[in-house]
Amino acid sequence: MTEKEKRLARGREHVVATTDEIPPGEHKVFPIGRYGVGVYNVKGTFYAIANYCPHEGGPLCFGRTKGQTVSAPERPGGAAEVRDGEFIYCPWHQWGFELATGTTTVKPEWSIRTYPVRVDGSNVIVSA
């Protein structure tokens, strides 16, 4: 066992990829836990979420990421998209969740599970 492996908490931390394997704007799903965990690279910051939508149990990580639509009366259509790539939308019913916090505005009392992510050297490590 290498020194780096000794520093990992047993059964909780998973080295899932190198930073090069998940470039900005991309994600991968790993077989961790009951539904899997999606790891997202949003402009160099990594986030991890459960691959499970609390609404109907959809495979959340198969949805698309985009920003949040906000009111912008000065723009054509009266709306604008901000915070590009920071939200995931369920492929079944389009419920949107913030990747960083797991919260949703659709039903604020429901949220998705998020997991801590850290980068050690070039390794992306998820605590789940």
Side-chain angles (χ1 to χ4, degrees):
M1 180 178 281
T2 67
E3 188 61 36
K4 187 175 279 185
E5 290 169 333
K6 289 179 185 175
R7 288 185 283 156
L8 297 177
R10 289 184 175 203
R12 295 200 61 229
E13 292 192 315
H14 307 268
V15 177
V16 295
T18 63
T19 53
D20 293 343
E21 293 174 326
I22 309 174
E26 299 292 326
H27 79 281
K28 287 188 173 185
V29 179
F30 300 94
I32 300 171
R34 187 173 185 179
Y35 301 103
V37 172
V39 179
Y40 292 78
N41 181 342
V42 180
K43 301 171 190 161
T45 300
F46 289 89
Y47 300 104
I49 63 170
N51 185 24
Y52 180 84
C53 179
H55 173 227
E56 293 279 336
L60 188 57
C61 296
F62 290 95
R64 60 191 168 101
T65 57
K66 64 178 198 167
Q68 183 179 40
T69 303
V70 295
S71 175
E74 73 283 0
R75 302 189 89 182
E81 187 173 299
V82 297
R83 300 174 60 195
D84 185 41
E86 295 184 27
F87 294 83
I88 178 78
Y89 291 83
C90 180
W92 286 5
H93 301 103
Q94 299 302 308
W95 279 33
F97 300 90
E98 185 178 15
L99 289 168
T101 63
T103 58
T104 181
T105 56
V106 176
K107 195 166 187 172
E109 66 271 24
W110 287 10
S111 62
I112 57 172
R113 187 166 190 167
T114 61
Y115 302 96
V117 180
R118 65 183 176 95
V119 174
D120 184 11
S122 63
N123 291 325
V124 179
I125 302 170
V126 175
S127 296

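What you see below is based on every heavy atom in this structure, not just the backbone, and it leaves out hydrogens, waters and symmetry mates.
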Nearest atoms (heavy-atom pairs only) where [X] meets [Y]:
| X | Y | result |
| --- | --- | --- |
| A50 | C61 | O-SG, 4.3 Å |
| Q94 | R64 | OE1-NH2, 3.6 Å |
| A128 | H14 | O-NE2, 3.5 Å |
| I88 | G63 | CD1-O, 3.6 Å |
| L60 | P91 | O-CD, 4.0 Å |
| G85 | L99 | O-CD1, 3.6 Å |

Taking the side chain as every heavy atom from C-beta outward, state whether P54 and I112 have any atom pair closer than 4.5 Å. yes
Where at least one partner belongs to [range], residue pairs that pass ring pair (Phe, Tyr, Trp, His ring centres under 6.0 Å), sequence neighbours excluded:
| range | value |
| --- | --- |
| residues 97-127 | W95-W110 |
| residues 32-52 | H27-Y40, Y35-Y52 |
| residues 62-94 | H55-H93 |

Closer than 3.5 angstrom, by distance alone: can the side chain of N41 be matched with the main-chain N or O of I22 as a donor-acceptor pair? yes
Pairs meeting criterion side-chain hydrogen bond (donor to acceptor under 3.5 Å, both in side chains) with involvement of residues 65-75, two or more places apart: none
Is I125 reachable from I32 through a run of I, L, V, M, F, W or Y residues, each pair having side-chain heavy atoms under 4.5 Å apart? no
Under the side-chain contact (heavy atoms from CB on, under 4.5 Å) rule, collect the residues that match up with T114, sequence neighbours excluded. I49
Worked verdict on T18 versus V124 for side chain to side chain contact (heavy atoms under 4.5 Å, CB included): CA-CA 6 Å; T18 63; V124 179; over 6 Å; no
Between the CD atom in E109 and the OG1 atom in T104, the distance rounded to the nearest 0.5 Å is 9.5 Å
Identify, with sequence neighbours excluded, every residue that meets side-chain hydrogen bond (donor to acceptor under 3.5 Å, both in side chains) alongside R83. E86, E98
